[in-house]
Amino acid sequence: VDGTMTAGGDELAAVVAIIARHPLQESEIRGLLMRWAPERVDETWSALRERSDVRSVDRLGKRFWCAGPMAFPRADRVVE
């Protein structure tokens with residue numbers, strides 16, 4: 001994701017594809033979204049939270065987003 005996507009692109013699919021391969025901190029995802037068309041940021045973020053194939057996990061004092069089936073040893077807790 002290079003930050004050049006516009007409202008016509010599929011931002012959500014791009015974020016999910018990245019998260020499926022590599023967990024990202026919530027702050028990293030927000031940074032990516034802020035580079036995209038402003039009118040799509042809230043819509044994309046809300047849609048990400050509603051998906052069942054990705055989830056957020058609090059680990060080591062930070063919130064990460066990852067693929068739903070990923071497991072983390074000694075994760076602080078899963079955030080629903």
Side-chain angles (χ1 to χ4, degrees):
V1 179
D2 64 8
T4 61
M5 295 179 75
T6 65
D10 195 352
E11 295 92 343
L12 182 60
V15 171
V16 170
I18 293 168
I19 291 171
R21 289 173 184 82
H22 181 73
L24 291 177
Q25 289 183 31
E26 189 166 310
S27 61
E28 293 172 316
I29 296 171
R30 289 183 180 275
L32 289 172
L33 294 179
M34 295 310 294
R35 294 182 181 139
W36 292 344
E39 64 273 10
R40 293 297 305 255
V41 172
D42 289 337
E43 179 183 329
T44 302
W45 189 251
S46 293
L48 180 65
R49 289 181 169 181
E50 293 176 12
R51 293 184 66 106
S52 61
D53 57 342
V54 296
R55 66 186 173 115
S56 61
V57 175
D58 284 347
R59 182 162 171 76
L60 305 173
K62 297 180 181 178
R63 179 167 292 179
F64 291 83
W65 282 80
C66 62
M70 283 187 122
F72 294 90
R74 300 185 318 222
D76 299 344
R77 66 185 176 96
V78 173
V79 179
E80 299 297 331

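This one's a predicted model, so the numbers in the text were calculated from it and none came from an experiment.
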Are any of the side-chain heavy atoms of Val15 and Val54 separated by less than 4.5 Å?
no

Could you give the distance from CZ (Arg49) to CH2 (Trp65), rounded to the nearest 0.5 Å?
6.0 Å

Suppose we screen for side chain to side chain donor-acceptor pair (under 3.5 Å). Which residues come up paired with Asp53, at least two apart in sequence or across chains?
Arg51

Residue set satisfying salt bridge (charged side-chain N to carboxylate O under 4.0 Å, His left out) with Glu28, at least two apart, ordered chain then number -> none

Smallest heavy-atom separation, Cys66 atom then Val57 atom, equals SG-CG2, 4.0 Å

Heavy atoms of Ala47 and Leu12 approach each other most closely as CB-CD2, 3.6 Å

Can you name the nearest heavy-atom pair linking Gly68 to Arg55, along with the distance?
O-NE, 2.9 Å

